[in-house]
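Worth knowing before you read on, the calculation uses all heavy atoms, side chains too, and leaves out hydrogens, waters and symmetry mates. First the proteins, then the strands, lettered A, B, ... as listed; each starts at 1.
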Number of protein chains: 2
Amino acid sequence: MSDSQARFEQLIAKLRTSEYRLTPQRVELIRLIAASDGHPSASELYNQIKVQFPTMSLATVYKTLDLLKELGEVLEIGLRDDSHYDGNKPYPHPHLICMKCQKIMDGELELAVKNIVQEVEQNFGFQILKHQLDFYGLCPDCQKQKE
Amino acid sequence: MSDSQARFEQLIAKLRTSEYRLTPQRVELIRLIAASDGHPSASELYNQIKVQFPTMSLATVYKTLDLLKELGEVLEIGLRDDSHYDGNKPYPHPHLICMKCQKIMDGELELAVKNIVQEVEQNFGFQILKHQLDFYGLCPDCQKQKE
DNA sequence: AATTTGTAGAGAATTATTATCCATAACGAG
DNA sequence: CTCGTTATGGATAATAATTCTCTACAAATT
Ligand SMILES: [Mn+2]
Ligand SMILES: [Mn+2]
Ligand SMILES: [Zn+2]
Ligand SMILES: [Zn+2]
């Protein structure tokens with residue numbers, strides 16, 4: 001069973017055990033989120049979902065994303081222009097954002113993040129509850145295509 | 001001479017040597033930015049400036065902030081709801097944002113940031129051009145006022 | 001199948017920011 | 001100092017992501 005298949009069933013189970021209803025719209029959005037290896041925005045999800053559900057509205061996408069956020073199963077990455085969503089790692093983690101192709105990648109930096117969080121709490125007496133760490137630059141692919 | 005006085009004159013000098021005109025509105029906004037020890041938003045600056053310049057419009061605040069950004073003298077901290085601006089440290093640096101009183105503090109973490117940036121570049125081959133590192137939680141003051 | 005109640009969809013509303021347009025003020029030249 | 005050029009301020013409309021409101025309908029449970 002693929003990872004995305006497992007994640008899909010995990011999310012469906014979570015909805016089922018909650019008080020929330022399992023509507024076709026939600027099932028499809030969850031399928032898309034679980035299948036996505038990237039970090040889609042609400043409108044990107046909306047465009048994808050319109051293929052299968054032409055009547056689905058953008059507001060419903062937002063509502064469902066809010067629901068999944070409340071359940072702690074989706075991380076919102078609130079950028080300046082719009083938000084993107086990570087349904088596979090629903091806890092704060094660093095992101096690498098390419099300024100050329102706009103791709104968003106996960107930064108696997110558990111240890112470094114743990115250290116810097118600890119340093120902030122010790123040096124400033126600031127209690128950290130969450131964080132958003134965004135690194136902007138050029139991804140490996142876009143570096144090659146110089147110019 | 002106070003720090004903010006020095007910063008004020010520095011910014012004025014920068015405008016003067018550029019092609020840009022020194023209007024009373026710009027001078028006052030620069031004064032406010034240099035005097036501010038925090039990280040004001042456009043509307044906060046607007047509310048302050050209205051006292052001296054009742055006719056000043058919010059659009060002008062945005063235009064002047066854009067100008068100072070172009071000159072590399074102001075850092076925009078683009079949060080989800082609105083942007084805040086740092087006119088004293090106009091280069092990327094971490095911020096500690098209190099979720100209770102909304103205060104934004106500078107995180108003095110030069111070394112840790114340098115290390116994590118280096119780690120990203122080495123581990124992922126990602127070339128970092130800038131970053132936005134926001135830590136959300138409770139400031140020391142708000143921790144005391146428990147409840 | 002009937003009943004209850006949460007949810008989808010349409011569209012309006014909100015809010016930060018940006019664009020447009022023109023009268024006017026800044027500033028260098030004379 | 002005065003003038004003329006031109007950038008800039010102010011008013012207002014436009015934009016765009018997100019949220020709100022309302023109602024018909026569908027999901028779950030019996
Ligand atoms: Mn991610
Ligand atoms: Mn700062
Ligand atoms: Zn790229
Ligand atoms: Zn606080």
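Rounded to an integer number of Å, the gap from NZ of B/Lys50 to P of D/dG9 is 18 Å. Remark: P of C/dG6 and CD of A/Glu70 are 14 Å apart, rounded to the nearest angstrom. Between A/Leu79 atom CG and D/dT18 atom C1' there is a gap of 15 Å when expressed in whole angstrom units. The distance between atom CG of B/Leu29 and atom C1' of D/dT8, rounded to the nearest whole Å, is 14 Å. As rounded to whole Å, 16 Å separates atom C1' of D/dT19 from atom CG of A/Leu67. Distance, A/Tyr46 OH to D/dA16 C1': 15 Å, rounded to whole Å. Spacing between atom CD of A/Glu19 and atom P of C/dG6 amounts to 9 Å, rounded to whole angstrom units.
With a 4.5 Å cut-off between side-chain heavy atoms of Ile, Leu, Val, Met, Phe, Trp and Tyr, the cluster of A/Tyr91 takes in none. Applying the 4.5 Å side-chain rule to ILVMFWY residues, one finds A/Leu96, A/Met105, A/Leu109, A/Val113, A/Ile116, A/Val117, A/Val120, A/Phe124, A/Phe126, A/Ile128, A/Leu133, A/Phe135, B/Leu96, B/Met105, B/Leu109, B/Val113, B/Ile116, B/Val117, B/Val120, B/Phe124, B/Phe126, B/Leu133, B/Phe135 in the same cluster as B/Ile128.
For A/Thr17, the side-chain contact (heavy atoms from CB on, under 4.5 Å) test picks out no residue, with sequence neighbours left out. Taking A/His131 as the reference, nothing meets the ring-ring contact (aromatic ring centres under 6.0 Å, His included) condition, with sequence neighbours excluded. For B/Lys50, the salt bridge (Lys or Arg N to Asp or Glu O under 4.0 Å) criterion is met by no residue, not counting sequence neighbours. For B/Glu28, the side-chain contact (heavy atoms from CB on, under 4.5 Å) criterion is met by B/Arg31, B/Leu32, B/Ile49, B/Gln52, B/Phe53, not counting sequence neighbours. With sequence neighbours excluded, no residue satisfies side-chain contact (heavy atoms from CB on, under 4.5 Å) with A/Glu19.
Contact between the side-chain N/O atoms of B/Ser57 and the OP1/OP2 oxygens of D/dA11 is not found at any separation under 4.0 Å. Side-chain N/O atoms of B/Arg26 include none lying less than 4.0 angstrom from OP1 or OP2 on C/dA26.
Each end of the helix from C/dA1-D/dT30 to C/dG30-D/dC1 gets its own rotation axis from five pairs of C1' atoms, and the angle between them is 40° to the nearest 10 degrees.
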Given protein heavy atoms under 4.0 Å, the one-letter contact record of nucleotides 13-24 of chain C, with B base, S sugar-phosphate only and - none, is simply ---SSBB-----
Given protein heavy atoms under 4.0 Å, the one-letter contact record of nucleotides 25-30 of chain D, with B base, S sugar-phosphate only and - none, is simply -BBS--
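Sorted by first then second residue, the side-chain hydrogen bond (donor to acceptor under 3.5 Å, both in side chains) pairs that include residues 56-68 of chain B, not counting sequence neighbours, are B/Ser57-B/Thr60, B/Asp66-B/Lys69. Residue pairs meeting the salt bridge (Lys or Arg N to Asp or Glu O under 4.0 Å) criterion with at least one partner in residues 111-138 of chain A, sequence neighbours excluded, do not occur; the list is empty.
A/Gln5 places no side-chain N or O within 3.5 Å of a backbone atom of A/Ser2 that could act as its donor or acceptor partner.
In the hydrophobic clustering of this structure, B/Ile104 does not group with B/Leu45; members are Ile, Leu, Val, Met, Phe, Trp, Tyr whose side-chain heavy atoms approach within less than 4.5 Å, directly or through other members.
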